[in-house]
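Following: one structure in structure tokens, then a few remarks.
Below, each value reflects all heavy atoms present in this structure, side chains not excepted, and no hydrogens, waters or symmetry copies. We name chains A, B, ... by the order of the sequence lines, and we start the count at 1 in each one.
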Protein chains: 2
Amino acid sequence: MSGHHPARSRRSAERKGDVRERAILDTCEALLAQKGYDAMTVGDIAQGAGITRGALYFYFGSKHEVVAALVARTVEQLWERSRATAQADEPRRAIAAAMQRTVELWNEHGLVMRTAIDLSLTVPEIGELWDHTADLFITAITAVLERAGIQAGTEPQQASAMARALCWMIERTFYHASQESREKLEEASATCEHIWLTSAGLTT
Amino acid sequence: MSGHHPARSRRSAERKGDVRERAILDTCEALLAQKGYDAMTVGDIAQGAGITRGALYFYFGSKHEVVAALVARTVEQLWERSRATAQADEPRRAIAAAMQRTVELWNEHGLVMRTAIDLSLTVPEIGELWDHTADLFITAITAVLERAGIQAGTEPQQASAMARALCWMIERTFYHASQESREKLEEASATCEHIWLTSAGLTT
DNA sequence: GATAAAAATCGACACCATGTAGACTTTCTG
DNA sequence: CAGAAAGTCTACATGGTGTCGATTTTTATC
């Protein structure tokens, strides 16, 4: 809109391709919601993004790469938010906060997160992304458990192993609940929080 | 070989097709282990079973149907064994027994169970099979929790919801552990058992 | 054990999605 | 404005799925 400013503003740091690339990922996300991964064809994505299949392959080498990039984009947001969250807090409070944050994550990005989980096996790159994400959560949970007095260590009944199991519990429970409704998610969250608290020995 | 017995033994209650069908499922299971679902082609399965693709389609309508039948075959074994297990027992003992049984299940059928989970989304028939299986487990866990004194009901902190979360925890934890090694599975089992016990209020 | 129906098998084909290749057009850059 | 880089297109090659009709084998029956 009416850019009457001097030369410098001409800076097109934003290549046309950057816009297209974003459009592709956006379309991919939308189609994922509409038809699911298998039914979604590369042609569909291209069409949605306003180009042909051939052009799409200029940006991504395969259907897998497209969705991997989508997962990467989403997961990076999660990481940023995780990093931004100070987690030095009293255990009970930390657990409540973590669950609250997780509900938000699944509400906002449930679709892509479910897709990431579903494709972890099929698309190695996505598998790594998701494993890394899980590790972040496991580390965080481990820290809370230890601060709550659970013995540190990797034996079956020590913090590390318990955190892993709790992480998978949350992942799977939210995976299912987020497919149903926000209410189910809230309930699932409450249940997971309760089990986490109990496991941490924080039974009131 | 030299069947000099009377007429009756001639009973071919076993159609040739029954043998083939079994061969197809066996081959499918083997290939699943070798190359995974995506890489495994219908031609591969047919070849392994000693027939051509065309012949395979006489038995099953699609690749999906083949693997769904394989899952069904496996899952029916689980159900039988579940039914055979008397579960009226003191909670602590019941939990230990259940986990023991679950380890055996995953040791024997881990591959097919993982496949079932992976394809639950893609193949509706498999999804139903697995949902039903999960329900059996959830019901069983619920019963144990209630007998251990957890309040019955479906609110977030009551037996039913907790059982669901615990079930998913076990599913996911075993899913990952069974991909690694038997030792990991044992450890995972111990961890899950510990969390289950704690959640049931049976903390020694 | 001959025979007709049913069961099983095959090979060829149509279809569709993926990914590749090369020519062409637009956009940047000096 | 000219050349390079970025972006786009159409056409094609490949490979896997599922269908079809013809054909052979098995099974039941007399």
Side-chain angles (χ1 to χ4, degrees), chain A residues 3 6-28 31-32 34-70 115 119 122-126, chain B residues 3 5-28 31-32 34-70 119 122-126:
Chain A
R8 192 51 34 73
S9 75
R10 167 90 4 255
R11 291 278 309 292
S12 72
E14 176 115 298
R15 285 250 178 294
K16 182 186 180 188
D18 296 333
V19 181
R20 268 284 136 78
E21 195 167 320
R22 226 177 306 133
I24 291 172
L25 296 187
D26 291 343
T27 305
C28 178
L31 288 175
L32 231 31
Q34 279 172 35
K35 351 175 52 169
Y37 179 80
D38 290 320
M40 170 185 75
T41 172
V42 173
D44 293 337
I45 305 175
Q47 185 172 21
I51 52 179
T52 51
R53 279 167 14 81
L56 187 146
Y57 279 100
F58 172 77
Y59 293 97
F60 299 98
S62 69
K63 187 180 174 184
H64 281 171
E65 269 189 34
V66 175
V67 57
L70 173 61
T115 303
L119 297 182
T122 312
V123 187
E125 197 185 340
I126 293 182
Chain B
H5 274 309
R8 193 50 34 76
S9 77
R10 167 94 0 260
R11 293 278 309 291
S12 74
E14 176 116 299
R15 284 242 176 298
K16 182 185 179 190
D18 296 333
V19 181
R20 266 285 135 78
E21 195 168 319
R22 228 176 303 133
I24 292 172
L25 296 188
D26 292 343
T27 304
C28 178
L31 287 175
L32 230 31
Q34 280 173 35
K35 349 174 52 169
Y37 179 80
D38 289 319
M40 169 184 73
T41 171
V42 174
D44 293 338
I45 306 176
Q47 185 171 18
I51 52 180
T52 51
R53 279 169 12 83
L56 187 146
Y57 278 101
F58 172 78
Y59 293 98
F60 299 98
S62 68
K63 187 179 174 183
H64 281 172
E65 270 189 34
V66 176
V67 56
L70 173 62
L119 297 181
T122 313
V123 188
E125 197 185 339
I126 293 182

From [atom1] of [X] over to [atom2] of [N], roughly how many Å is that when rounded to an integer?
X: R22(A); N: dG7(D); atom1: CZ; atom2: P; result: 13 Å
X: D44(A); N: dT18(C); atom1: CG; atom2: C1'; result: 13 Å
X: Y37(A); N: dA17(C); atom1: OH; atom2: P; result: 14 Å
X: I45(B); N: dG18(D); atom1: CD1; atom2: P; result: 10 Å
X: L56(A); N: dA21(C); atom1: CG; atom2: P; result: 17 Å
X: F58(B); N: dA22(D); atom1: CZ; atom2: P; result: 18 Å
X: D18(A); N: dC28(C); atom1: CG; atom2: P; result: 12 Å
X: K63(B); N: dA17(C); atom1: NZ; atom2: P; result: 16 Å

Looking at the side chain of [X], which of [options] is the nearest nucleotide?
X: K16(A); options: dT8(D), dA28(D), dC10(C); answer: dT8(D)
X: Y57(A); options: dG18(D), dC9(D), dG19(C); answer: dG19(C)
X: S62(B); options: dG19(C), dC9(D), dG18(D); answer: dG18(D)
X: R15(B); options: dG19(C), dA8(C), dA12(C); answer: dA8(C)
X: I51(B); options: dC10(C), dG18(D), dC9(D); answer: dC10(C)

Within less than 4.0 Å of OP1 or OP2 of dC16(C), is there a side-chain N or O belonging to T41(A)?
no
Can you tell me if Y59(A) touches the phosphate of dT8(D), counting only side-chain N or O atoms and a distance under 4.0 Å to OP1 or OP2?
yes
Charged N-O contact under 4.0 Å between E21(B) and K16(B)
no
Return the set of residues passing side chain to side chain contact (heavy atoms under 4.5 Å, CB included) with K35(B) (not counting sequence neighbours), or none when no residue passes.
L31(B), A39(B), D44(B)
Taking side chain to side chain contact (heavy atoms under 4.5 Å, CB included) as the definition, give me every residue that meets it alongside Y57(B), ordered by chain and number, with sequence neighbours left out.
V42(B), R53(B)
For a quick check, tell me whether the side chain of R20(A) and the base of dG7(D) share a donor-acceptor pair closer than 3.5 Å.
no
R53(B) (side chain) and dG18(D) (base): donor-acceptor pair under 3.5 Å
yes
Quick one, Y37(B) and K63(B) - any side-chain contact, counting heavy atoms below 4.5 Å?
yes
Donor-acceptor under 3.5 Å (E65(B) side chain, G61(B) main chain):
yes
If you assign each of G54(B) and G50(A) to its closest nucleotide in DNA chain D, which residue comes earlier from the 5' end?
G50(A)
